[in-house]
> 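Quick one: the structure is below, and I'll ask about it shortly.
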Amino acid sequence: MNRLLLVFGCIVPTLAGCLSTGGKQPAAEIYTLTAPAVAPANAAAAPTAVLSVLRPDAAAGLHSERIALLQAGHRLDYFAASRWSGSLPELVQSLAMDALRGGGQYRSVQTDTAPFAADYVLQLQIRHFEADYSGGGAPVAHVAIDATLGRSSDRAIVQTLTAESSVPAASDRMVNIINAFEQASSTALQQLATGLQPPH
């Protein structure tokens, strides 16, 4: 009996030590992405249209700052201790605006909260922005964004476009996964910037 009590007494402090530290979460690593360098369009005349970019909609599970991953069986999860620098819709909105400004198709590109009148409105729908592990091995960064361009005056749709890219990560390390996201998002945003053109 005394021996049993002695062994039990040794185990309890160990468990208590684990419980006291188990609740502490490691500090989250914050990641951001950069907009691609888009060559300005060769326009015959200086652009005159003003574009307003609405806050993007996002598929279920992609609304927050968490970095999503997709596992086999269509299971959506998130990387632990890793975050985007803001919510994904905010990040994509900022990147898209920078890319569209670089494309030179519009005189001004602004958010929908700007106090200035816009000629066109752009609605973005983020369908995919996750690291896909379903194929096994290192993940594939998959980015897919649907874009709808409309006139501000009557909200008539003038153009729709889907921008999409998938880039395999070099390894399962987070730095390589973020690099894959950078390449995939840059390709998709280049497609948006060069493909979305105001009517002439």
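Heavy-atom basis, side chains included; hydrogens, waters and symmetry copies ignored. Numbering starts at 1 and runs along the sequence shown.
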> Which heavy atom of T32 sits nearest to which heavy atom of E182, and what is that distance?
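Result for this residue pair: O-OE1, 4.5 Å.
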> Considering all heavy atoms of both residues, which atom of Q190 and which atom of V38 are nearest to each other, and what is their separation?
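Minimum heavy-atom separation between Q190 and V38: CG-CG2, 4.2 Å.
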> Mind listing the closest non-hydrogen atom pair of P89 and I126 along with its distance?
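P89 and I126 have their closest heavy atoms at CA-CD1, 4.0 Å.
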> Taking atom OG1 of T162 and atom CD of Q191, what is their separation to the nearest 0.5 Å?
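The OG1 atom of T162 sits 9.5 Å away from the CD atom of Q191.
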> Would you compute the distance between atom CZ of R55 and atom OG1 of T113 and round it to the nearest 0.5 angstrom?
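R55 CZ to T113 OG1: 11.0 Å, rounded to 0.5 Å.
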> Do the non-hydrogen side-chain atoms of Q159 and L196 ever get within less than 4.5 Å of each other?
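Q159 reaches L196 side chain to side chain.
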> Nearest 0.5 Å, what's the OG-CD1 distance between S82 and I178?
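Going from the OG atom of S82 to the CD1 atom of I178 covers 7.0 Å.
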> Is it the case that the side chain of Q110 and the backbone of F116 share a donor-acceptor pair, with hydrogens and angles ignored and the cut-off at 3.5 Å?
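Yes; judged by distance alone, with no hydrogens or angles, the pair exists.
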> Quick one, L100 and L122 - any side-chain contact, counting heavy atoms below 4.5 Å?
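SC-SC contact between L100 and L122 confirmed.
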> I'd like to know if the side chain of S94 and the backbone of E90 have a donor-acceptor N/O pair within less than 3.5 Å.
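Between the backbone of E90 and the side chain of S94 there is no qualifying donor-acceptor contact (under 3.5 Å).
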> CD of E65 to OH of Y31: how many Å apart, nearest 0.5 Å?
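So the CD of E65 and the OH of Y31 are separated by 14.5 Å.
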> Any non-hydrogen side-chain atom of P198 less than 4.5 Å from a side-chain atom of L51?
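P198 does not reach L51 side chain to side chain.
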> Using the test salt bridge (charged side-chain N to carboxylate O under 4.0 Å, His left out), find all partners of R173 that sit at least two apart in sequence or belong to another chain.
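Per chain and number, R173 pairs via salt bridge (charged side-chain N to carboxylate O under 4.0 Å, His left out) with no residue.
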> Tell me the closest heavy-atom pair linking A188 and S165, and the distance in Å.
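Heavy atoms of A188 and S165 come nearest at N-CB, 4.3 Å.
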> Check whether any side-chain heavy atom of Q183 lies under 4.5 Å from a side-chain heavy atom of T187, and answer yes or no.
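A side-chain contact is absent here, since even the closest heavy-atom pair is not under 4.5 Å.
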> Looking at Y78 and G61, would you say the former's side chain and the latter's main chain have a donor-acceptor pair under 3.5 Å?
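Answer holds: yes.
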> Hey, does the side chain of S152 reach the backbone of A118 with a donor-acceptor pair shorter than 3.5 angstrom?
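Yes.
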> Hydrophobic cluster membership, with links at side-chain heavy-atom distances under 4.5 Å among I/L/V/M/F/W/Y: are I67 and V140 in one?
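No, I67 does not connect to V140 through the hydrophobic network.
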> Flag yes if L76 and L88 sit in one hydrophobic cluster, no otherwise; membership is Ile, Leu, Val, Met, Phe, Trp, Tyr, and two members link when side-chain heavy atoms are under 4.5 Å apart.
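As far as the 4.5 Å side-chain criterion goes, L88 and L76 are not connected within one cluster.
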> Indicate yes or no for a side-chain donor-acceptor contact from Q71 to the backbone of D77 under 3.5 Å, with no hydrogens or angles considered.
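No; judged by distance alone, with no hydrogens or angles, the pair does not exist.
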> Is it true that a side-chain atom of D119 and a backbone atom of V50 form a donor plus acceptor pair closer than 3.5 Å?
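Yes, because the side chain of D119 sits within donor-acceptor range (under 3.5 Å) of the backbone of V50.
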> Are L69 and V175 connected in the hydrophobic side-chain network, where two residues link if heavy atoms are under 4.5 Å apart?
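No; V175 is not reachable from L69 via cluster members.
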> Please identify each residue that fulfils side chain to side chain donor-acceptor pair (under 3.5 Å) with R151, with sequence neighbours left out.
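Per chain and number, R151 pairs via side chain to side chain donor-acceptor pair (under 3.5 Å) with D154.
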> Is there a side-chain contact between T160 and D146 in this structure, where contact means two heavy atoms from C-beta onward sitting under 4.5 Å apart?
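Side-chain contact under 4.5 Å: no.
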> Which residue pairs pass the ring pair (Phe, Tyr, Trp, His ring centres under 6.0 Å) test when at least one of the two sits in residues 136-182, sequence neighbours left out?
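Residue pairs with at least one partner in residues 136-182: W84-F181, H128-H142, F129-F181.
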> Please test L54 against L124 for side-chain contact (heavy atoms from CB on, under 4.5 Å), starting from the C-alpha separation and ending with a verdict.
CA-CA 7 Å; L54 304 179; L124 301 176; over 6 Å; no
> Say you draw a straight line from CD of E29 to CZ of R83; how long is it, rounded to the nearest 0.5 Å?
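These two atoms lie 11.5 Å from each other.
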> Any side-chain to backbone donor/acceptor pair from H63 onto S87? Under 3.5 Å, distance only.
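Looks like no, no N/O pair under 3.5 Å.
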> Identify the heavy atoms of D112 and S52 that sit nearest to each other, and give their distance.
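Taking every non-hydrogen atom into account, CA-OG, 3.3 Å.
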> Would you confirm whether Q197, through its side chain, and Q105, through its main-chain N or O, come within 3.5 Å as a donor-acceptor pair?
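Side chain of Q197 to backbone of Q105, a donor-acceptor pair under 3.5 Å: no, none is there.
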> What are the two closest heavy atoms between V109 and R101, and how far apart are they?
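It is O-NH2, 2.9 Å.
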> Hey, quick one: are L95 and L161 part of the same hydrophobic cluster, counting side-chain heavy atoms closer than 4.5 Å, chains of contacts allowed?
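Both belong to a single hydrophobic cluster.
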> Among the clusters formed by ILVMFWY side chains lying less than 4.5 Å apart, do L33 and L189 turn up in the same one?
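In one cluster with L33: L189, yes.
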